[in-house]
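Taking it in order: structure first as structure tokens, then the write-up.
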Amino acid sequence: MRLLIMGPPGAGKGTQAKAISEKYGIPAISTGDIFRANVKQGTPLGLEAKRIMDAGGYVGDDITNGIVADRLAEADAQQGFLLDGYPRTTAQVAALDEMLGDDDLDAVISLQADTDEVVTRLRKRAEQEGRSDDTEEAIRTRQDVYRTETSPLLDTYRDRGLLIEVDGLGEVAEVSERIFTALDGRN
Ligand code: AMP
């Protein structure tokens with residue numbers, strides 16, 4: 001299966017991506033995780049990405065598209081994948097379309113959660129994990145950037161008949177079940 005998971009920062013994409021990856025035996029590919037790994041290793045990309053991520057902005061499309069193209073070319077992604085946090089801009093949608101060619105996506109999961117709820121979750125995560133982009137200001141910027149840059153992409157995938165909207169509120173296992181039921185219902 002070739003899947004995307006989308007939703008506002010704090011909706012629980014990473015957690016659900018892991019569950020989907022295990023259930024369907026496909027790699028979960030998170031651009032945020034790839035950037036964070038580069039930050040940790042102190043690569044030139046990491047140095048550039050850290051500045052942008054800490055401010056709550058988006059890393060440039062060319063860099064991001066290149067990273068995803070390389071990752072999708074790896075052996076484990078040939079039988080399917082779940083992209084978490086990509087695409088986030090219209091330019092990234094176009095780049096992904098090109099990467100996939102005739103291999104259409106099977107579904108796009110939209111994890112829904114209201115802003116108050118996600119901001120509360122992100123504040124909690126800031127306390128627990130100490131992610132440097134979970135400051136109050138970066139949290140707000142990320143919500144705004146999501147609203148303007150990324151939420152319009154949901155319409156694109158809805159128009160293509162790929163969008164599955166799932167309520168992201170509730171227990172983690174409950175949300176996973178909603179996703180599995182919706183995905184199994186399509187196959
Ligand atoms: P995430 O872990 O998905 O919330 O991503 C953390 C941060 O990494 C984002 O706030 C962006 O700064 C950067 N990032 C992740 N994915 C992308 C993407 N597809 N395009 C641009 N920036 C991204």
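Whatever order the structure lists ligands and atoms in, that order sets their numbers, starting from 1.
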Salt bridge (charged side-chain N to carboxylate O under 4.0 Å, His left out) against [X], all qualifying residues, sequence neighbours excluded:
X     : answer
Arg36 : Asp33
Glu48 : Arg51
Glu74 : Arg71

May I have a table of the N/O to N/O pairs between ligand 1 and the protein that fall below 3.5 Å, each row giving the two atom names and the distance to 0.1 Å?
residue: ligand 1; atom: 2 (O); partner: Arg36; partner atom: NH1; Å: 3.0
residue: ligand 1; atom: 2 (O); partner: Arg36; partner atom: NH2; Å: 2.9
residue: ligand 1; atom: 3 (O); partner: Arg88; partner atom: NH1; Å: 3.1
residue: ligand 1; atom: 3 (O); partner: Arg88; partner atom: NH2; Å: 3.2
residue: ligand 1; atom: 4 (O); partner: Arg88; partner atom: NH2; Å: 3.3
residue: ligand 1; atom: 12 (O); partner: Gly57; partner atom: O; Å: 2.6
residue: ligand 1; atom: 16 (N); partner: Thr31; partner atom: OG1; Å: 2.7
residue: ligand 1; atom: 16 (N); partner: Gly85; partner atom: O; Å: 3.3
residue: ligand 1; atom: 16 (N); partner: Arg88; partner atom: NH1; Å: 2.8
residue: ligand 1; atom: 19 (N); partner: Gly85; partner atom: O; Å: 2.9
residue: ligand 1; atom: 19 (N); partner: Gln92; partner atom: OE1; Å: 3.0
residue: ligand 1; atom: 20 (N); partner: Gln92; partner atom: NE2; Å: 3.0
residue: ligand 1; atom: 22 (N); partner: Val59; partner atom: N; Å: 3.1

Do you see a donor-acceptor pair shorter than 3.5 Å between the side chains of [X] and [Y]?
X      : Y      : result
Gln92  : Asp61  : yes
Thr115 : Gln143 : no
Tyr58  : Thr150 : yes

